[in-house]
Amino acid sequence: MLRICKYLSRSEIGQLLIGLVFIVGQIWFDLKLPDYMSDITRLVETPGSNMHDIWVAGGKMLLISLGSVLCAIATGYVAARVGASFSQRLRSLEFRKVESFGPAEMSRFSTASLITRSTNDITQIQMFVTMGLLLLVKSPIMAVWAICKIAGKGVDWTIATAVAVGVLLVIIGALMTMVVPKFRSMQRLTDNINLVARENLTGLRVVRAYNAEDYQQTKYDEANKELSDTYLFTNRAMSVMMPLINTVMNGLMLAIYWIGAYLINSAGIQDKLTLFSNMVVFSSYSVQVIMSFLLMSMVFVLLPRADASADRILEVLDTDPMVADGAKNAAGAADAVTTATAAAPKGTVEFENVSFAYPDSREAMLEGITFSANPGQTVAFIGSTGSGKSSLVNLVPRFYDATEGQVLVDGVDVRNYTLKALRDKIGYVPQQSVLFKGTVASNIRYGDRPQDSADVELVDTSSIQGRRREAELMKYANDVQDLGDEQQVHKAAEVAQADEFIETMDGTYDAAIAQGGSNVSGGQKQRLSIARAVYRHPEILIFDDSFSALDFKTDRAVRDELAKEAKDSTKLIVAQRIGTIMDADRIVVLDDGKVVGQGTHRELLENCSVYREIAESQLSPDELAA
Ligand SMILES: Nc1ncnc2c1ncn2[C@@H]1O[C@H](COP(=O)(O)OP(=O)(O)OP(=O)(O)O)[C@@H](O)[C@H]1O
């Protein structure tokens with residue numbers, strides 16, 4: 001928990017210190033009250049006291065109570081402010097970190113867990129900062145202060161209070177031993193329930209089609225029951241805490257008055273009044289002592305969960321992605337990039353004896369891959385399912401790094417580029433098209449522009465200047481989003497053969513796209529994904545089986561348009577259909593992670609048996625002979 005505090009900003013630490021002053025003020029006011037109570041008791045008991053003096057003492061008590069309330073409000077205000085801005089920063093930091101993660105880190109954490117970590121876990125931290133941190137500070141100060149106030153006012157009463165505190169500590173200790181491990185497991189169970197719910201929602205159609213609702217329901221019920229049982233256990237255990245503490249508190253009162261009665265009874269007439277007044281004061285302070293332990297026990301309820309959450313958040317924040325920024329790896333990478341870029345023509349892609357194994361696998365998936373693609377050329381990859389085509393093209397934008405050999409773009413090892421510089425050169429169309437909630441146009445002009453900076457500034461929203469800066473940045477981001485060049489958006493859609501169906505949509509380019517593109521067809525999604533890549537005018541276009549959902553005619557039309565409009569871009573195309581790639585300048589045939597043939601369609605038909613088999617299974621004898 002302490003480690004996460006290093007993410008507190010200076011202004012937040014300052015505000016917490018101000019909060020501390022208010023807490024001390026509140027305690028001072030609270031502990032001042034019994035003094036006036038004692039005065040009033042003495043005045044009431046003393047024959048001939050002036051009524052005016054009692055009113056004055058009562059008035060002071062009221063003012064002191066008001067002071068305590070004001071301090072409590074101020075403390076709550078400061079704590080809420082710090083809690084909100086701190087959790088906002090943690091969420092932003094976690095989001096940034098997750099954005100830098102590659103597939104390896106994503107599979108290590110799982111999407112469901114990352115969502116819980118940036119929502120539920122951060123809420124635990126926020127709750128702790130807003131409530132727990134103050135209690136953590138307040139309760140010991142209050143306990144020590146109250147004990148100092150009663151020290152020396154009566155040995156018997158002090159012993160009774162010490163016994164009550166001892167009993168209280170045993171109760172709290174026993175309860176905490178039972179519930180803390182459960183509190184810790186709660187976050188993991190929340191992950192689990194998110195995982196099951198997410199899987200069910202994303203696979204809803206399959207679940208329905210296979211009548212698997214009962215199966216999913218059982219899975220969800222199991223996860224749900226486990227979480228509910230844990231909640232129930234902890235809440236039941238905690239529900240006995242309050243009555244027990246109340247019993248201890250009432251028992252202590254009883255003991256103080258009982259002891260008091262004995263003491264007053266056996267005291268001389270002149271000491272009776274002092275003893276009585278001491279007893280009243282003592283009982284008030286002992287309540288404060290017990291209250292401070294009660295507050296401490298509340299801290300123990302919040303702390304274990306916040307502590308577990310802090311560990312989970314830090315686990316994400318401390319993870320360095322396997323694919324690191326080039327500038328960090330190689331000193332002077334920027335120079336290397338500039339020099340090499342000047343030397344090699346833009347858009348060159350070379351694989352030099354590249355081997356690759358997935359992080360969780362010992363066997364190499366790709367072995368000894370060597371080929372090159374010159375600017376403007378189309379290089380296609382074909383091979384049976386699982387032969388490693390996607391794994392190969394994924395090495396260019398560095399979703400993974402080669403385990404051996406080198407992948408070079410424009411003559412420079414991709415590991416030497418900053419990720420932004422490298423990815424600015426690339427337009428990537430994934431195997432499964434991904435669209436984002438927004439409009440058709442916002443999906444086509446999606447992404448950073450090359451001139452944009454790599455990182456958005458992380459502002460400190462705990463200060464007024466920070467919140468102003470945040471508003472400015474958000475306004476800028478919104479303005480920039482609306483800026484895209486309309487003509488280029490239309491042109492990209494034309495190249496991807498998406499313009500026709502966009503024109504028929506309600507609102508055309510401003511038509512709404514639902515989350516994940518669920519309101520357009522698979523082929524339409526693919527075309528919009530292609531348009532998004534084309535819009536960037538990148539040096540290198542990567543199509544990972546991106547024509548599979550297109551009919552033959554559209555497939556042909558897209559390739560013709562690409563040849564015209566993106567003639568300067570190097571195109572790497574992964575495909576299953578021979579028809580899609582037979583015009584490519586070079587076709588690389590993969591089998592079980594190795595290159596088994598390279599050349600043009602004609603050359604491969606003659607000298608690559610794997611290619612010939614694929615071709616014969618897809619083309620008619622006339623087409624083969626053509
Ligand atoms: N993230 C991963 N972790 C471990 N192994 C993986 C991962 N992704 C793919 N593989 C394995 O790598 C092999 C090649 O997968 P890849 O997706 O590159 O094949 P592909 O040729 O593109 O197949 P397809 O034509 O079906 O898309 C497969 O055997 C697959 O099981």
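Every heavy atom of this structure was used, including side-chain atoms; hydrogens, water molecules and symmetry mates were not.
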Closer than 4.0 angstrom, basic N to acidic O: yes or no for [X] and [Y]?
X	Y	answer
Arg188	Asp191	no
Arg469	Glu472	yes
Asp229	Lys225	yes
Arg3	Asp318	yes

Measure across [X] and [Y] and return the closest heavy-atom pair with its distance rounded to 0.1 Å.
X	Y	result
Val289	Ala146	CG2-CB, 3.6 Å
Ala164	Leu252	CB-CD1, 3.9 Å
Ile122	Leu90	CD1-C, 3.8 Å
Ala533	Pro538	O-CD, 3.4 Å
Cys71	Gly25	SG-C, 4.0 Å
Ser283	Ile256	CA-CD1, 4.0 Å

Would a distance-only check, ignoring hydrogens and angles, find a side-chain to backbone donor-acceptor pair under 3.5 Å from [X] to [Y]?
X	Y	result
Thr247	Pro243	yes
Arg445	Val489	no
Asn443	Phe436	yes
Tyr446	Arg532	no
Asn250	Asn246	yes
Asp121	Arg312	no
Thr234	Thr230	yes
Gln288	Ala143	no
Ser518	Ala514	no
Ser110	Ser107	no

From [atom1] ([X]) to [atom2] ([Y]), nearest 0.5 Å:
X	Y	atom1	atom2	answer
Ile313	Tyr7	CD1	OH	10.5 Å
Lys182	Met186	NZ	CE	9.0 Å
Thr116	Phe109	OG1	CZ	12.5 Å
Leu244	Ile171	CG	CD1	4.5 Å
Ile23	Ser139	CD1	OG	9.5 Å
Lys138	Ile27	NZ	CD1	6.5 Å

Apply side-chain contact (heavy atoms from CB on, under 4.5 Å) to Met61 and Lys32, showing your working. CA-CA 8 Å; Met61 265 182 95; Lys32 200 80 195 130; over 6 Å; no

Should the ring pair Phe282 and Trp157 be called parallel, tilted or perpendicular, given that the plane angle runs from 0 to 90° and is split at 30 and 60? tilted

Between Thr111 and Ile115, does the side-chain contact (heavy atoms from CB on, under 4.5 Å) criterion hold? Intermediate values first, please. CA-CA 6 Å; Thr111 312; Ile115 292 174; 4.2 Å; yes

What do you reckon, is [atom1] of [X] surrounded by more than 12 foreign heavy atoms closer than 6.0 Å?
X	atom1	answer
Met178	CE	yes
Leu201	CG	yes
Arg468	CZ	no
Phe233	CZ	yes
Leu17	CG	yes

Is any side-chain heavy atom of [X] less than 4.5 Å from a side-chain heavy atom of [Y]?
X	Y	result
Arg415	Asp401	yes
Val98	Met106	yes
Phe183	Leu303	no
Tyr285	Ile290	no
Asp424	Tyr417	no
Phe128	Leu136	yes
Val24	Ile141	yes
Tyr220	Asn200	no

Under 3.5 Å side-chain donor-acceptor pair for [X] and [Y]:
X	Y	result
Gln126	Gln88	no
Ser11	Ser462	yes
Thr461	Ser85	no
Thr439	Asp510	no

What pairs meet the salt bridge (charged side-chain N to carboxylate O under 4.0 Å, His left out) rule with one or both residues in residues 62-89, with sequence neighbours excluded? Glu12-Arg89, Arg89-Asp460

Show your reasoning for whether side-chain contact (heavy atoms from CB on, under 4.5 Å) applies to Glu226 and Ser185. CA-CA 10 Å; Glu226 219 181 332; Ser185 67; over 6 Å; no

Before we go on, tell me: are the rings of Tyr358 and Tyr400 under 6.0 Å apart, centre to centre? yes

Please find out if less than 6.0 Å separates the ring center of Phe399 from that of Tyr428. yes

So which pairs with a foot in residues 57-78 pass side-chain hydrogen bond (donor to acceptor under 3.5 Å, both in side chains), sequence neighbours left out? Asp30-Ser68

Restricting to pairs with a member in residues 91-101, which pass side-chain hydrogen bond (donor to acceptor under 3.5 Å, both in side chains), not counting sequence neighbours? none

Walk me through it: do Gln432 and Lys525 pass the test side chain to side chain donor-acceptor pair (under 3.5 Å)? CA-CA 9 Å; Gln432 272 145 4; Lys525 259 202 260 186; over 6 Å; no

Among Leu8, Ile4, Val82, whose side chain to side chain contact (heavy atoms under 4.5 Å, CB included) with Val129 holds? Val82

How far apart are the C-alpha atoms of Met37 and Val281, what are their side-chain angles, what is the distance that settles it, and do they pass the side-chain contact (heavy atoms from CB on, under 4.5 Å) test? CA-CA 7 Å; Met37 245 165 79; Val281 173; 5.9 Å; no

